[in-house]
Amino acid sequence: MPMKSCFVLLVTLVVMAAVAAGQSVKPAPYTAVLDVPSMDKTVDPCVDFFTYSCGGWLKNNPIPADQAAWDAYGKLQEENRQVLRQILEAAAVPSPKRSADEQKIGDYYASCMDEAAIKKLGATPLKADLDRIARLKSKADLPRELAHLHPNDVGSFLGRASLFSFGSDQDAKNSSEFIAEVDQGGIGLPDRDYYFKDDAKSQEIRKQYLAHVQKMLELIGDKPEQAAAEAQTVMRIETALAKASLTRVERRDPNKVYHKMTREELQALSPSFSWDRYFAEVGVPGTKSLNVAVPDFVKGMDAELKSEDLASWKVYLRWHLVHAQARYLSSAFVNEDFDFYDHILSGTKEIQPRWKRCVRFVDRQLGEALGKVYVQKAFSPETKQRALVMVKQIETEMGKEIQQLPWMSPATKEQAQIKLHAVANKIGYPDHWRDYSALEVVRGDALGNGERGTAFEFRRELNKIGKPVDRGEWLMTPPTVNAYYNPQMNDINFPAGVLQPPLYDPRSDDAPNYGNTGGTVGHELTHAFDDEGRQFDAEGNLRDWWTAEDAREFEKRASCTSDQYSQYVIVDDIKINGKLTLGEDTADLGGLLLAYLAWQDETWGKDLQPIEGFTPEQRFFIGYGQSWCSAERPEVQRLRATVDPHSPPRYRTNGVVSNMPEFQKAFACKAGAPMVRENRCRIW
């Protein structure tokens with residue numbers, strides 16, 4: 001698996017006025033980057049800037065029944081899905097004129113949409129795998145079985161790999177090459193902490209999880225009393241695996257997930273599991289060294305292999321098989337999977353229509369084939385060029401800020417500048433599209449297409465091992481409204497989807513454009529120098545290029561941010577885990593400052609006038625505030641408090657502006673106002 005990258009959470013897909021597959025599509029209603037009706041001007045911006053910016057939006061946009069959260073761009077996401085749907089429906093019609101990619105995305109979508117055929121099959125598509133698990137004769141057969149399940153495990157795409165995760169990653173200390181990697185995995189709840197929290201809600205969720213596991217096992221033919229006992233077995237094994245796993249905060253330290261070993265050293269950690277057999281069966285028999293991300297997990301896994309009998313492991317594998325593939329099976333499986341993971345854990349009231357789910361599956365497994373059509377319809381070269389100009393401006397400001405930092409020594413500044421100037425900027429879509437010719441898509445075989453799609457990606461990752469890194473590769477598909485910085489690639493990536501109104505509009509006033517998308521650009525760039533990203537050098541190698549004194553100064557300033565956000569309440573009595581969100585909070589604050597400086601330079605000397613009663617400076621900050629207009633169900637707030645490295649939208653707004661004297665001046669906020677922190681935090 002690739003190194004976990006730092007993402008800015010926007011959780012939406014956006015497109016404006018597009019034409020899909022030669023058919024006209026009704027344009028989405030235009031929403032300006034600064035949308036006055038979405039504000040609540042009765043609220044004092046110096047008291048609660050989030051509600052001032054978004055109060056009207058919150059009032060007029062209740063969360064739809066098929067969503068766990070809803071934001072200003074969720075509505076545009078629906079428009080985008082309609083465009084992608086029409087692309088796929090056109091491609092699904094058999095025709096000799098279809099290209100190879102159109103045939104694959106069209107037949108995949110048509111198979112996914114054939115709910116009657118899927119329902120008729122029931123659990124039959126799992127029979128071969130279930131029979132093979134039943135035939136296991138000893139625990140010595142487990143490596144071969146896992147080597148069979150992992151490449152075809154649809155759940156691998158969803159972070160649901162059985163027992164452990166296996167894939168490839170850039171060597172953290174030699175970023176020019178890929179190596180094999182073994183990592184923790186094997187649990188069915190969203191995070192290891194779900195197995196250990198002792199509050200009443202967490203205990204209730206574990207009971208509901210046991211009931212869910214039981215129901216799923218009943219759907220593959222087990223009697224209720226048998227399935228109930230099996231659910232306890234699953235919980236026992238998963239709890240042990242969770243105990244051996246690192247927490248999310250621990251995993252934010254790249255040194256804690258990098259332990260390069262020989263295969264002999266790996267074998268010594270887990271003598272009960274034949275890695276030679278696993279590597280041979282999975283197709284990488286020549287593996288001589290690899291990254292063992294969490295050695296203690298491998299030790300814990302070995303202890304479980306010794307203590308649990310073969311019958312228990314068969315139960316575990318049967319559960320993870322159905323758990324991973326449920327969303328591709330008949331409605332009984334789909335609905336039960338939705339009830340626990342979407343309704344109970346996230347609060348979603350209704351399952352999404354099938355076409356939305358099928359669009360998502362195609363984007364996940366054939367994303368660049370679908371994305372190639374998308375960018376032809378929805379992304380202009382002019383938009384790409386304008387966005388690149390903004391990125392370059394913000395990078396220039398970062399260089400200036402580094403040079404004048406009073407707490408950083410000249411030696412560290414020199415290395416920081418080298419890293420900054422080495423950042424690669426990827427805008428819109430890849431320069432070279434992914435080749436899907438080796439992926440077989442069979443019309444009428446929905447689950448098989450899902451399995452083959454996962455196996456294709458699994459093999460593609462393993463084929464990288466021992467080879468030079470392709471620095472042109474993307475980790476997101478073009479329609480995605482998201483952006484990320486990858487510390488091992490030292491690149492920032494902005495898919496076409498994020499560079500659309502109302503996030504970014506070349507026709508708009510510069511102020512909200514820079515506050516909105518400019519803030520996102522600055523956010524991703526700041527990730528190169530947050531508490532995690534700063535540990536990688538210009539080439540993406542894990543190397544300490546800081547003086548000891550500068551590192552201490554950074555950590556002192558970072559602790560200010562962590563302490564600030566740890567005081568904010570998410571829901572009920574749950575507060576933000578400031579150590580988990582530190583990187584994103586640092587990037588939010590640094591990013592908006594850089595965007596503000598770039599905007600000032602862009603508009604220097606221009607006669608900027610008020611628009612709709614707002615000064616240019618106010619429009620900049622409102623543009624930023626409205627980028628976070630969002631409502632979330634309490635259930636998903638609880639979930640994100642545990643698993644999400646981003647703070648809730650309210651605090652991504654108020655927490656940032658309360659640290660900026662530029663905001664205080666723009667809105668004439670007095671000292672002591674809630675949006676004016678006495679002890680401001682600032683790193684960059």
Side-chain angles (χ1 to χ4, degrees), residues 4-13 50 54 58 61-74 77 158-160 187-197 199-202 204-206 208-209 242 245-252 338 340-349 352 360 480-484 520 523 527 530 532 561-562 564-588 627-656:
K4 312 306 184 285
S5 301
C6 299
F7 299 137
V8 55
L9 186 67
L10 292 175
V11 296
T12 51
L13 303 173
F50 174 79
C54 299
L58 294 170
N61 292 276
I63 303 173
D66 67 350
Q67 303 288 332
W70 192 236
D71 57 34
Y73 316 114
Q77 175 181 355
L158 309 173
R160 300 176 176 180
I187 60 177
L189 285 168
D191 184 78
R192 52 96 60 205
D193 289 355
Y194 272 79
Y195 293 85
F196 306 114
K197 287 183 178 179
D199 60 280
K201 185 63 178 177
S202 296
E204 179 187 357
I205 286 175
R206 285 196 290 273
Q208 292 168 314
Y209 179 58
S245 301
L246 292 181
T247 67
R248 288 180 184 259
V249 171
E250 290 170 330
R251 291 182 66 87
R252 294 199 70 255
F338 165 82
F340 180 73
Y341 287 101
D342 294 287
H343 178 60
I344 290 174
L345 289 183
S346 299
T348 309
K349 304 303 181 185
Q352 289 186 339
R360 188 170 68 249
T480 306
V481 175
N482 207 332
Y484 69 93
T520 302
H523 173 106
H527 270 314
D530 70 12
E532 183 177 6
T561 302
S562 178
Q564 173 191 348
Y565 282 82
S566 294
Q567 301 305 310
Y568 294 140
V569 175
I570 298 177
V571 62
D572 299 333
D573 60 347
I574 299 176
K575 292 184 178 180
I576 292 174
N577 182 345
K579 292 182 178 179
L580 176 62
T581 64
L582 176 58
E584 301 298 333
D585 298 332
T586 299
D588 281 343
S627 73
W628 298 118
C629 292
S630 176
E632 300 174 322
R633 300 190 191 279
E635 295 89 344
V636 83
Q637 289 177 321
R638 280 183 169 274
L639 173 65
R640 290 178 176 172
T642 301
V643 306
D644 194 349
H646 304 81
S647 293
R650 174 178 295 276
Y651 302 119
R652 298 190 76 172
T653 307
N654 291 350
V656 169

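Judged by distance alone, the side chain of His343 and the main-chain N or O of Lys349 form no donor-acceptor pair under 3.5 Å.
Judged purely by distance below 3.5 Å, without hydrogens or angles, the side chains of His527 and Glu532 never pair a donor atom with an acceptor atom. Checking Gln352 against Arg360 by side-chain atom types alone, a donor-acceptor pair falls below 3.5 Å.
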Does the pair Leu639 and Tyr194 meet the rule for a side chain to side chain contact (heavy atoms under 4.5 Å, CB included), with working shown? CA-CA 10 Å; Leu639 173 65; Tyr194 272 79; 3.1 Å; yes

Begin with the C-alpha distance, continue with both residues' side-chain angles, and end with the deciding distance and a verdict on side chain to side chain contact (heavy atoms under 4.5 Å, CB included) for Tyr568 and Lys575. CA-CA 6 Å; Tyr568 294 140; Lys575 292 184 178 180; over 6 Å; no

As a quick check of understanding, evaluate side chain to side chain contact (heavy atoms under 4.5 Å, CB included) for Thr247 and Asp193, giving each step before the final call. CA-CA 7 Å; Thr247 67; Asp193 289 355; 4.3 Å; yes

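For the atom pair OG (Ser627) and NE2 (His523), the distance works out to 11.0 Å, reported to the nearest 0.5 Å. To the nearest 0.5 Å, atom OG1 of residue Thr581 and atom CD of residue Gln564 are 10.0 Å apart. In this structure, OG in Ser630 is found 6.5 Å from CZ in Phe50, a value given to the nearest 0.5 Å. Taking CD of Gln637 as the start and OG1 of Thr642 as the end, the distance is 12.5 Å to the nearest 0.5 Å. Note that the CG atom of Asp530 and the CG atom of Asp588 stand 11.0 Å from one another [nearest 0.5 Å]. Atom CG of Asp199 is separated from atom CD1 of Ile205 by 8.0 Å, given to the nearest 0.5 angstrom.
Residues Leu189 and Arg206 come closest through the heavy atom pair CD1-CG, 4.5 Å. Across all their heavy atoms, Asp585 and Ser647 have their closest contact at OD1-OG, 2.8 Å. Here the closest heavy-atom approach between residue Glu584 and residue Pro645 is recorded as CG-O, 3.0 Å. Between Arg248 and Val643, the closest heavy-atom pair is NH1-O, 3.2 Å. The nearest pair of heavy atoms linking Arg638 to Asp572 is NH2-OD2, 2.9 Å. Between Trp628 and Pro649, the shortest heavy-atom distance links the atoms O-CB, 3.3 Å.
With contacts defined as side-chain heavy-atom distances shorter than 4.5 Å, the pair Ile570/Pro648 qualifies. Using a 4.5 Å cut-off on side-chain heavy atoms (C-beta onward), Ile574 and Val569 make no contact. Within the 4.5 Å cutoff, the side chain of Thr348 has no heavy atoms near those of the Tyr341 side chain. For the pair Ile63/Arg633, a side-chain contact is recorded, criterion being any heavy-atom separation below 4.5 Å from C-beta on.
The six-membered or imidazole ring of Tyr565 lies away from that of Tyr651, with a centre-to-centre distance of 6.0 Å or more.
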